[in-house]
Amino acid sequence: MSSLRAGPARSTLAAEQTPFAAVIQHWRVVLAAMLGWVLDAFDQMILIFLLVRLRDTFAVDLVAMGLLLSVSTYSKIAGNIGWGLASDRWGRKTAFMVGVVWFSVFSGLTGLAWSYASLFVIRVLFGFGFGGEWSASAALLMESVPPQARSLASAIMMAGFEIGYFMAAAANAVIAPRFGWRILFFIGILPALLTIFIRRGVPESPVWLRTRGRRDAGPRPRFRLTAAAIQGWVFMMVLQFQNTAIFTFYPAFLQTVRHMSPMQVFPYAATYSVASIVGKPVIGLLAARFGQRATSVTYLLVSIPAAIFFTLVGSTAGLFLGAALMGVVANSIFGLVPAFLSRRFPSAHRSFGMGFGYAVAGAGGSVAALAVPLLGRSIGLGTSMAVWIIAGSAVAAIVAAIRPRHLPGDVMETETATPDHVPA
(Lines give C-alpha, C1' and ligand atoms only; values in the text may rest on other atoms or scores of the structure.)
Protein backbone atom coordinates (compact mmCIF):
# COMPACT_ATOMS: atom_id res chain seq x y z
CA MET A 1 0.00 0.00 0.00
CA SER A 2 1.30 3.41 -0.79
CA SER A 3 2.55 5.52 2.08
CA LEU A 4 2.90 9.17 2.77
CA ARG A 5 5.36 12.01 2.61
CA ALA A 6 4.61 15.61 3.45
CA GLY A 7 3.33 17.64 0.54
CA PRO A 8 3.73 21.33 -0.16
CA ALA A 9 2.19 22.27 3.19
CA ARG A 10 4.88 20.36 5.10
CA SER A 11 8.63 20.67 4.82
CA THR A 12 10.86 17.83 3.63
CA LEU A 13 12.63 17.98 6.97
CA ALA A 14 9.35 17.35 8.81
CA ALA A 15 8.64 14.34 6.62
CA GLU A 16 12.02 12.83 7.50
CA GLN A 17 11.61 13.19 11.27
CA THR A 18 11.41 10.13 13.45
CA PRO A 19 7.97 9.48 14.98
CA PHE A 20 9.24 10.50 18.43
CA ALA A 21 10.76 13.75 17.15
CA ALA A 22 7.57 14.60 15.29
CA VAL A 23 5.47 13.99 18.41
CA ILE A 24 7.77 16.26 20.42
CA GLN A 25 7.41 18.99 17.80
CA HIS A 26 3.60 18.74 18.04
CA TRP A 27 3.54 18.23 21.80
CA ARG A 28 0.77 20.76 22.44
CA VAL A 29 -1.90 18.97 20.43
CA VAL A 30 -0.69 15.56 21.66
CA LEU A 31 -0.83 16.73 25.27
CA ALA A 32 -4.25 18.33 24.83
CA ALA A 33 -5.74 15.18 23.29
CA MET A 34 -4.23 12.97 25.97
CA LEU A 35 -5.35 15.25 28.81
CA GLY A 36 -8.85 15.36 27.39
CA TRP A 37 -8.98 11.56 27.56
CA VAL A 38 -7.37 11.51 31.03
CA LEU A 39 -10.01 13.86 32.39
CA ASP A 40 -12.79 12.03 30.58
CA ALA A 41 -11.67 8.77 32.17
CA PHE A 42 -11.36 10.36 35.61
CA ASP A 43 -14.92 11.67 35.53
CA GLN A 44 -16.28 8.40 34.16
CA MET A 45 -14.47 6.15 36.65
CA ILE A 46 -15.38 8.26 39.69
CA LEU A 47 -18.98 7.16 39.18
CA ILE A 48 -17.89 3.51 38.96
CA PHE A 49 -15.95 3.73 42.23
CA LEU A 50 -18.89 5.44 43.97
CA LEU A 51 -21.68 3.11 42.83
CA VAL A 52 -22.28 1.54 46.23
CA ARG A 53 -22.06 4.87 48.08
CA LEU A 54 -24.47 6.54 45.67
CA ARG A 55 -26.83 3.59 45.95
CA ASP A 56 -26.95 4.07 49.71
CA THR A 57 -27.21 7.86 49.50
CA PHE A 58 -30.23 7.83 47.21
CA ALA A 59 -31.80 4.66 48.69
CA VAL A 60 -31.90 2.64 45.46
CA ASP A 61 -30.54 -0.78 44.54
CA LEU A 62 -27.69 -1.78 42.24
CA VAL A 63 -30.15 -2.53 39.47
CA ALA A 64 -31.08 1.15 39.44
CA MET A 65 -27.42 2.12 39.38
CA GLY A 66 -26.82 -0.37 36.57
CA LEU A 67 -29.65 1.26 34.62
CA LEU A 68 -27.95 4.62 35.14
CA LEU A 69 -24.70 3.25 33.71
CA SER A 70 -26.48 1.62 30.80
CA VAL A 71 -28.47 4.70 29.77
CA SER A 72 -25.47 6.99 30.16
CA THR A 73 -23.57 4.66 27.82
CA TYR A 74 -26.18 5.29 25.13
CA SER A 75 -25.89 9.04 25.68
CA LYS A 76 -22.15 8.70 25.09
CA ILE A 77 -22.90 6.90 21.83
CA ALA A 78 -25.18 9.76 20.78
CA GLY A 79 -22.44 12.21 21.79
CA ASN A 80 -19.87 10.39 19.67
CA ILE A 81 -22.08 10.71 16.60
CA GLY A 82 -23.46 14.20 17.20
CA TRP A 83 -20.16 15.77 18.18
CA GLY A 84 -18.50 14.07 15.23
CA LEU A 85 -20.93 15.78 12.87
CA ALA A 86 -20.38 19.11 14.64
CA SER A 87 -16.60 18.68 14.43
CA ASP A 88 -16.76 18.07 10.68
CA ARG A 89 -18.93 21.14 10.16
CA TRP A 90 -17.59 23.75 12.62
CA GLY A 91 -14.05 22.63 13.31
CA ARG A 92 -12.17 20.09 15.43
CA LYS A 93 -10.82 22.62 17.91
CA THR A 94 -14.18 24.29 18.57
CA ALA A 95 -15.96 20.96 19.12
CA PHE A 96 -13.12 19.76 21.35
CA MET A 97 -13.36 22.82 23.61
CA VAL A 98 -17.16 22.75 23.83
CA GLY A 99 -17.07 19.03 24.62
CA VAL A 100 -14.61 19.54 27.48
CA VAL A 101 -16.67 22.39 28.96
CA TRP A 102 -19.86 20.34 28.57
CA PHE A 103 -18.71 17.26 30.49
CA SER A 104 -16.93 19.43 33.09
CA VAL A 105 -20.12 21.37 33.86
CA PHE A 106 -22.24 18.24 34.22
CA SER A 107 -19.58 16.53 36.27
CA GLY A 108 -19.75 19.42 38.72
CA LEU A 109 -23.55 19.35 38.70
CA THR A 110 -23.40 15.66 39.65
CA GLY A 111 -22.01 16.77 43.00
CA LEU A 112 -25.23 18.76 43.54
CA ALA A 113 -27.59 15.86 42.78
CA TRP A 114 -30.39 15.77 45.38
CA SER A 115 -32.18 12.59 44.24
CA TYR A 116 -31.72 9.54 42.07
CA ALA A 117 -33.85 11.15 39.35
CA SER A 118 -31.67 14.28 39.29
CA LEU A 119 -28.52 12.12 39.26
CA PHE A 120 -29.95 10.14 36.35
CA VAL A 121 -30.68 13.21 34.22
CA ILE A 122 -27.37 14.89 34.98
CA ARG A 123 -25.28 11.80 34.11
CA VAL A 124 -27.17 11.26 30.88
CA LEU A 125 -26.36 14.84 29.88
CA PHE A 126 -22.77 14.30 31.03
CA GLY A 127 -22.53 11.38 28.61
CA PHE A 128 -23.19 13.59 25.60
CA GLY A 129 -20.06 15.62 26.36
CA PHE A 130 -17.97 12.59 27.28
CA GLY A 131 -18.79 10.86 24.01
CA GLY A 132 -18.29 13.96 21.89
CA GLU A 133 -14.93 15.06 23.27
CA TRP A 134 -13.20 11.95 21.92
CA SER A 135 -14.57 12.31 18.38
CA ALA A 136 -13.28 15.87 18.04
CA SER A 137 -9.93 15.48 19.80
CA ALA A 138 -8.98 12.25 18.00
CA ALA A 139 -9.66 13.79 14.59
CA LEU A 140 -7.80 16.98 15.56
CA LEU A 141 -4.76 14.98 16.67
CA MET A 142 -4.62 12.72 13.62
CA GLU A 143 -4.92 15.66 11.23
CA SER A 144 -2.32 17.77 13.05
CA VAL A 145 0.66 15.42 13.35
CA PRO A 146 2.61 14.19 10.31
CA PRO A 147 1.81 10.70 9.00
CA GLN A 148 4.88 8.98 10.44
CA ALA A 149 3.89 10.13 13.95
CA ARG A 150 0.20 9.21 13.89
CA SER A 151 0.51 5.73 15.39
CA LEU A 152 2.66 6.97 18.28
CA ALA A 153 0.53 10.07 18.89
CA SER A 154 -2.59 7.89 18.79
CA ALA A 155 -1.13 5.52 21.39
CA ILE A 156 -0.05 8.34 23.71
CA MET A 157 -3.54 9.83 23.58
CA MET A 158 -5.23 6.52 24.38
CA ALA A 159 -2.87 5.82 27.29
CA GLY A 160 -4.64 8.70 29.00
CA PHE A 161 -7.54 6.44 29.97
CA GLU A 162 -5.42 4.36 32.37
CA ILE A 163 -3.91 7.52 33.84
CA GLY A 164 -7.41 8.85 34.49
CA TYR A 165 -8.36 5.51 36.04
CA PHE A 166 -5.46 5.78 38.49
CA MET A 167 -6.34 9.37 39.35
CA ALA A 168 -9.94 8.35 40.08
CA ALA A 169 -8.80 5.43 42.25
CA ALA A 170 -6.47 7.67 44.22
CA ALA A 171 -9.09 10.39 44.69
CA ASN A 172 -11.63 7.85 45.85
CA ALA A 173 -9.19 6.37 48.35
CA VAL A 174 -7.72 9.62 49.74
CA ILE A 175 -10.26 12.43 49.26
CA ALA A 176 -13.70 10.82 49.52
CA PRO A 177 -13.24 9.35 53.04
CA ARG A 178 -12.32 12.80 54.42
CA PHE A 179 -14.50 15.17 52.40
CA GLY A 180 -17.36 13.04 51.05
CA TRP A 181 -18.30 11.85 47.60
CA ARG A 182 -19.62 15.14 46.25
CA ILE A 183 -16.18 16.77 46.27
CA LEU A 184 -14.97 14.22 43.72
CA PHE A 185 -17.49 15.46 41.18
CA PHE A 186 -16.70 19.09 42.01
CA ILE A 187 -13.09 18.27 41.11
CA GLY A 188 -14.50 17.29 37.72
CA ILE A 189 -15.11 20.98 37.00
CA LEU A 190 -11.35 21.58 36.75
CA PRO A 191 -11.00 20.03 33.27
CA ALA A 192 -12.73 23.15 31.92
CA LEU A 193 -9.39 24.88 32.47
CA LEU A 194 -8.02 22.68 29.69
CA THR A 195 -9.97 24.81 27.23
CA ILE A 196 -7.69 27.76 28.03
CA PHE A 197 -4.69 25.70 26.96
CA ILE A 198 -6.50 24.46 23.85
CA ARG A 199 -7.63 27.98 22.92
CA ARG A 200 -4.16 29.51 23.30
CA GLY A 201 -1.76 26.69 22.50
CA VAL A 202 -3.44 24.30 20.06
CA PRO A 203 -4.07 25.36 16.46
CA GLU A 204 -7.03 24.18 14.42
CA SER A 205 -6.54 21.11 12.25
CA PRO A 206 -4.63 22.14 9.11
CA VAL A 207 -6.61 19.54 7.14
CA TRP A 208 -9.94 20.99 8.26
CA LEU A 209 -8.75 24.52 7.45
CA ARG A 210 -7.55 23.41 4.02
CA THR A 211 -10.94 21.90 3.15
CA ARG A 212 -13.11 24.61 4.75
CA GLY A 213 -13.19 26.77 1.63
CA ARG A 214 -14.32 23.82 -0.44
CA ARG A 215 -17.16 23.13 2.01
CA ASP A 216 -18.25 26.78 2.10
CA ALA A 217 -18.16 27.14 -1.69
CA GLY A 218 -20.61 24.39 -2.55
CA PRO A 219 -22.96 21.71 -1.25
CA ARG A 220 -21.61 19.50 1.49
CA PRO A 221 -20.28 16.18 0.12
CA ARG A 222 -22.40 13.19 1.02
CA PHE A 223 -21.05 10.43 3.24
CA ARG A 224 -20.23 7.27 1.28
CA LEU A 225 -20.31 3.87 2.93
CA THR A 226 -17.07 2.26 1.76
CA ALA A 227 -15.43 -1.09 2.47
CA ALA A 228 -12.83 0.74 4.56
CA ALA A 229 -15.55 2.36 6.71
CA ILE A 230 -17.31 -0.96 7.25
CA GLN A 231 -14.02 -2.62 8.20
CA GLY A 232 -13.26 0.15 10.70
CA TRP A 233 -16.65 -0.12 12.38
CA VAL A 234 -16.66 -3.93 12.50
CA PHE A 235 -13.14 -3.93 13.90
CA MET A 236 -14.16 -1.52 16.66
CA MET A 237 -17.18 -3.64 17.58
CA VAL A 238 -15.16 -6.86 17.80
CA LEU A 239 -12.23 -5.19 19.56
CA GLN A 240 -14.50 -3.72 22.23
CA PHE A 241 -16.14 -7.12 22.66
CA GLN A 242 -12.70 -8.61 23.34
CA ASN A 243 -11.69 -5.76 25.63
CA THR A 244 -14.91 -5.96 27.65
CA ALA A 245 -14.37 -9.70 28.11
CA ILE A 246 -10.91 -8.87 29.49
CA PHE A 247 -11.48 -6.15 32.08
CA THR A 248 -15.17 -5.89 33.00
CA PHE A 249 -15.33 -9.06 35.08
CA TYR A 250 -11.67 -9.22 36.08
CA PRO A 251 -12.13 -7.96 39.67
CA ALA A 252 -15.13 -10.26 40.13
CA PHE A 253 -13.11 -13.16 38.70
CA LEU A 254 -10.27 -12.60 41.16
CA GLN A 255 -12.67 -12.35 44.09
CA THR A 256 -15.02 -15.21 43.26
CA VAL A 257 -12.77 -17.68 41.44
CA ARG A 258 -9.39 -16.92 43.04
CA HIS A 259 -11.02 -16.03 46.40
CA MET A 260 -9.18 -12.73 46.85
CA SER A 261 -10.22 -9.80 48.98
CA PRO A 262 -10.67 -6.38 47.35
CA MET A 263 -7.28 -5.38 48.78
CA GLN A 264 -5.64 -8.44 47.24
CA VAL A 265 -7.22 -7.63 43.87
CA PHE A 266 -5.54 -4.22 43.65
CA PRO A 267 -1.97 -5.39 42.78
CA TYR A 268 -3.23 -7.39 39.80
CA ALA A 269 -5.49 -4.58 38.57
CA ALA A 270 -2.58 -2.15 39.01
CA THR A 271 -0.27 -4.47 37.06
CA TYR A 272 -2.78 -4.59 34.21
CA SER A 273 -3.19 -0.80 34.18
CA VAL A 274 0.52 0.05 34.38
CA ALA A 275 1.28 -2.47 31.64
CA SER A 276 -1.33 -0.76 29.48
CA ILE A 277 0.18 2.68 30.07
CA VAL A 278 3.61 1.38 29.07
CA GLY A 279 2.35 -0.83 26.27
CA LYS A 280 0.43 1.74 24.27
CA PRO A 281 3.40 3.97 23.32
CA VAL A 282 5.36 0.81 22.51
CA ILE A 283 2.72 -0.44 20.07
CA GLY A 284 2.61 3.06 18.57
CA LEU A 285 6.33 2.94 17.83
CA LEU A 286 6.11 -0.59 16.44
CA ALA A 287 3.21 0.38 14.18
CA ALA A 288 5.22 3.35 12.89
CA ARG A 289 8.06 0.97 12.05
CA PHE A 290 6.25 -2.13 10.79
CA GLY A 291 2.80 -0.82 9.90
CA GLN A 292 -0.56 -0.75 11.66
CA ARG A 293 -1.90 -3.88 9.99
CA ALA A 294 1.04 -6.19 10.76
CA THR A 295 1.40 -4.86 14.30
CA SER A 296 -2.31 -5.16 15.11
CA VAL A 297 -2.60 -8.70 13.78
CA THR A 298 0.53 -9.81 15.65
CA TYR A 299 -0.68 -8.31 18.93
CA LEU A 300 -4.11 -9.87 18.56
CA LEU A 301 -2.65 -13.32 17.89
CA VAL A 302 -0.34 -13.02 20.91
CA SER A 303 -3.40 -12.12 22.99
CA ILE A 304 -4.73 -15.66 22.48
CA PRO A 305 -2.08 -17.50 24.57
CA ALA A 306 -1.94 -14.55 26.95
CA ALA A 307 -5.62 -15.17 27.77
CA ILE A 308 -4.68 -18.56 29.19
CA PHE A 309 -2.30 -17.05 31.75
CA PHE A 310 -4.84 -14.32 32.47
CA THR A 311 -7.68 -16.64 33.44
CA LEU A 312 -6.66 -20.30 33.69
CA VAL A 313 -3.33 -20.29 35.56
CA GLY A 314 -3.82 -20.23 39.31
CA SER A 315 -0.31 -19.50 40.60
CA THR A 316 0.63 -16.03 41.82
CA ALA A 317 3.37 -15.71 39.21
CA GLY A 318 1.02 -16.85 36.46
CA LEU A 319 -1.67 -14.38 37.47
CA PHE A 320 0.79 -11.48 37.49
CA LEU A 321 2.17 -12.58 34.12
CA GLY A 322 -1.34 -12.81 32.70
CA ALA A 323 -2.25 -9.34 34.00
CA ALA A 324 0.94 -7.88 32.53
CA LEU A 325 0.45 -9.59 29.16
CA MET A 326 -3.18 -8.50 28.91
CA GLY A 327 -2.19 -4.92 29.62
CA VAL A 328 0.90 -4.66 27.48
CA VAL A 329 -0.50 -6.65 24.54
CA ALA A 330 -4.30 -7.01 24.39
CA ASN A 331 -5.34 -3.66 25.84
CA SER A 332 -2.53 -1.78 24.09
CA ILE A 333 -4.16 -2.43 20.72
CA PHE A 334 -6.60 0.33 21.61
CA GLY A 335 -3.67 2.71 21.31
CA LEU A 336 -3.88 2.39 17.52
CA VAL A 337 -7.62 3.08 17.30
CA PRO A 338 -7.47 6.81 16.37
CA ALA A 339 -4.78 6.19 13.75
CA PHE A 340 -6.60 3.14 12.40
CA LEU A 341 -9.96 4.87 12.08
CA SER A 342 -8.61 8.16 10.71
CA ARG A 343 -7.34 6.40 7.57
CA ARG A 344 -10.75 4.95 6.77
CA PHE A 345 -12.71 8.18 6.29
CA PRO A 346 -12.29 11.26 4.09
CA SER A 347 -11.59 14.57 5.77
CA ALA A 348 -15.12 15.88 5.20
CA HIS A 349 -16.55 13.09 7.37
CA ARG A 350 -13.56 11.91 9.41
CA SER A 351 -14.76 12.99 12.83
CA PHE A 352 -18.23 11.54 12.24
CA GLY A 353 -16.77 8.26 10.98
CA MET A 354 -14.40 7.96 13.92
CA GLY A 355 -17.11 8.90 16.41
CA PHE A 356 -19.54 6.40 14.93
CA GLY A 357 -16.80 3.77 15.16
CA TYR A 358 -16.44 4.42 18.86
CA ALA A 359 -20.22 4.35 19.17
CA VAL A 360 -20.66 0.92 17.57
CA ALA A 361 -17.86 -0.33 19.80
CA GLY A 362 -20.29 0.12 22.66
CA ALA A 363 -22.60 -2.42 21.02
CA GLY A 364 -19.81 -4.99 20.98
CA GLY A 365 -19.03 -4.29 24.61
CA SER A 366 -22.66 -4.70 25.64
CA VAL A 367 -22.82 -8.12 23.97
CA ALA A 368 -19.69 -9.27 25.80
CA ALA A 369 -21.04 -7.97 29.10
CA LEU A 370 -23.93 -10.41 28.69
CA ALA A 371 -22.10 -13.29 26.98
CA VAL A 372 -19.37 -13.72 29.61
CA PRO A 373 -21.63 -14.29 32.64
CA LEU A 374 -24.13 -16.35 30.66
CA LEU A 375 -21.53 -18.86 29.46
CA GLY A 376 -19.88 -18.64 32.87
CA ARG A 377 -22.95 -20.24 34.44
CA SER A 378 -22.11 -23.55 32.76
CA ILE A 379 -18.32 -23.57 32.40
CA GLY A 380 -17.17 -21.12 35.08
CA LEU A 381 -16.37 -17.41 34.92
CA GLY A 382 -12.62 -17.82 34.26
CA THR A 383 -13.11 -20.30 31.43
CA SER A 384 -15.86 -18.16 29.92
CA MET A 385 -13.59 -15.13 29.96
CA ALA A 386 -10.84 -17.14 28.25
CA VAL A 387 -13.22 -18.44 25.57
CA TRP A 388 -14.56 -15.01 24.67
CA ILE A 389 -11.16 -13.28 24.83
CA ILE A 390 -9.72 -15.88 22.48
CA ALA A 391 -12.71 -15.73 20.15
CA GLY A 392 -12.69 -11.92 20.11
CA SER A 393 -8.95 -11.77 19.49
CA ALA A 394 -9.16 -14.26 16.62
CA VAL A 395 -12.03 -12.49 14.87
CA ALA A 396 -10.43 -9.06 15.41
CA ALA A 397 -7.17 -10.37 13.89
CA ILE A 398 -9.05 -11.57 10.80
CA VAL A 399 -10.78 -8.21 10.39
CA ALA A 400 -7.54 -6.28 10.94
CA ALA A 401 -5.74 -8.42 8.34
CA ILE A 402 -8.08 -7.27 5.58
CA ARG A 403 -6.50 -4.73 3.24
CA PRO A 404 -9.19 -2.48 1.72
CA ARG A 405 -8.61 -1.54 -1.88
CA HIS A 406 -8.84 2.16 -0.97
CA LEU A 407 -8.36 4.04 2.29
CA PRO A 408 -10.04 7.46 1.88
CA GLY A 409 -7.94 9.04 4.65
CA ASP A 410 -4.60 7.50 3.74
CA VAL A 411 -3.47 10.73 2.07
CA MET A 412 -4.83 13.88 3.67
CA GLU A 413 -5.16 17.25 1.99
CA THR A 414 -1.89 18.55 3.45
CA GLU A 415 0.11 15.60 2.05
CA THR A 416 1.03 13.86 -1.17
CA ALA A 417 1.58 10.13 -1.62
CA THR A 418 5.03 8.62 -2.06
CA PRO A 419 5.99 4.93 -2.05
CA ASP A 420 8.78 4.91 0.49
CA HIS A 421 7.91 6.42 3.83
CA VAL A 422 5.29 5.03 6.20
CA PRO A 423 4.33 1.33 6.15
CA ALA A 424 0.63 0.53 5.96
Side-chain angles (χ1 to χ4, degrees), residues 44-45 47-52 54-56 60-74 76-77 165 234 236-269 271-273 276 300-316 318-327 329-331 333-334 360-399:
Q44 180 189 27
M45 295 312 300
L47 181 65
I48 300 298
F49 283 116
L50 292 173
L51 276 183
V52 174
L54 292 173
R55 177 201 65 182
D56 296 340
V60 296
D61 58 16
L62 280 180
V63 174
M65 297 307 297
L67 177 64
L68 171 63
L69 293 176
S70 178
V71 174
S72 62
T73 296
Y74 287 107
K76 293 170 191 173
I77 291 174
Y165 178 92
V234 172
M236 287 298 299
M237 186 179 298
V238 178
L239 187 64
Q240 185 61 50
F241 177 98
Q242 177 241 37
N243 199 247
T244 299
I246 292 171
F247 76 84
T248 301
F249 297 98
Y250 187 50
F253 161 74
L254 293 176
Q255 293 179 70
T256 60
V257 178
R258 300 306 177 198
H259 308 293
M260 297 182 184
S261 67
M263 186 64 69
Q264 290 173 319
V265 166
F266 179 75
Y268 297 98
T271 298
Y272 170 79
S273 297
S276 299
L300 286 163
L301 294 178
V302 174
S303 298
I304 293 175
I308 297 174
F309 285 97
F310 190 62
T311 58
L312 302 181
V313 176
S315 67
T316 299
L319 286 171
F320 272 114
L321 178 60
L325 287 174
M326 278 293 111
V329 178
N331 190 54
I333 299 169
F334 261 85
V360 298
S366 65
V367 172
L370 181 62
V372 171
L374 282 178
L375 184 61
R377 289 177 178 176
S378 57
I379 64 175
L381 180 59
T383 306
S384 178
M385 288 173 61
V387 167
W388 291 124
I389 293 170
I390 291 170
S393 299
V395 175
I398 293 171
V399 176

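Quick caveat: nothing in here was measured; it's all calculated off a predicted structure.
Counting heavy atoms from C-beta on, the side chains of Thr383 and Thr311 never come closer than 4.5 Å. Ser303 has its side chain out of reach of Ile390: every pair of non-hydrogen atoms, C-beta onward, lies at least 4.5 Å apart. Ser276 is not listed as a side-chain neighbour of Phe334, based on a closest heavy-atom distance of 4.5 Å or more. The shortest side-chain heavy-atom distance between Arg258 and Tyr268 does not fall under the 4.5 Å cut-off. The closest side-chain heavy-atom distance from Asn243 to Asn331 is below 4.5 Å.
The two residues Val313 and Gly318 come nearest to each other via the heavy atoms CG1-CA, 3.7 Å. Closest approach of Val60 and Arg55 over heavy atoms only: O-CG, 2.6 Å. Heavy-atom minimum distance, Ala397 versus Leu301: CB-CD2, 4.1 Å. Of all non-hydrogen atoms in Ala245 and Ala368, the two that sit nearest each other are N-CB, 4.2 Å. Taking every heavy atom of both residues into account, Leu300 and Gln242 meet most closely at CD2-NE2, 4.0 Å. The shortest non-hydrogen separation linking Val257 to Gly382 is CG2-N, 4.4 Å.
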Assess whether side chain to side chain contact (heavy atoms under 4.5 Å, CB included) is satisfied between Val372 and Leu381, documenting all intermediate values. CA-CA 7 Å; Val372 171; Leu381 180 59; 3.8 Å; yes

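When each of Ile398, Val395, Val367 is paired with Val238, the side chain to side chain contact (heavy atoms under 4.5 Å, CB included) condition holds for Val395 and for no other.
Classified by interplanar angle (parallel below 30°, tilted 30° to 60°, perpendicular above 60°), the ring pair Tyr272/Phe310 is tilted.
Here CD1 of Ile304 is found 11.0 Å from CD1 of Ile389. Values are rounded to the nearest 0.5 Å. Note that CH2 of Trp388 is 9.5 Å distant from CG of Leu374, once rounded to the nearest 0.5 Å. Separating the OG1 atom in Thr271 from the CG atom in Leu321 is a distance of 10.5 Å, to the nearest 0.5 Å. To the nearest 0.5 Å, atoms CG (Leu312) and CE (Met385) are separated by 9.5 Å.
In Phe309, the CZ atom is not crowded: 12 or fewer heavy atoms of neighbouring residues, nucleotides or ligands sit closer than 6.0 Å.
Side-chain atoms of Thr244 never come within 3.5 Å of backbone atoms of Phe241 as a donor-acceptor pair (strictly under, hydrogens ignored).
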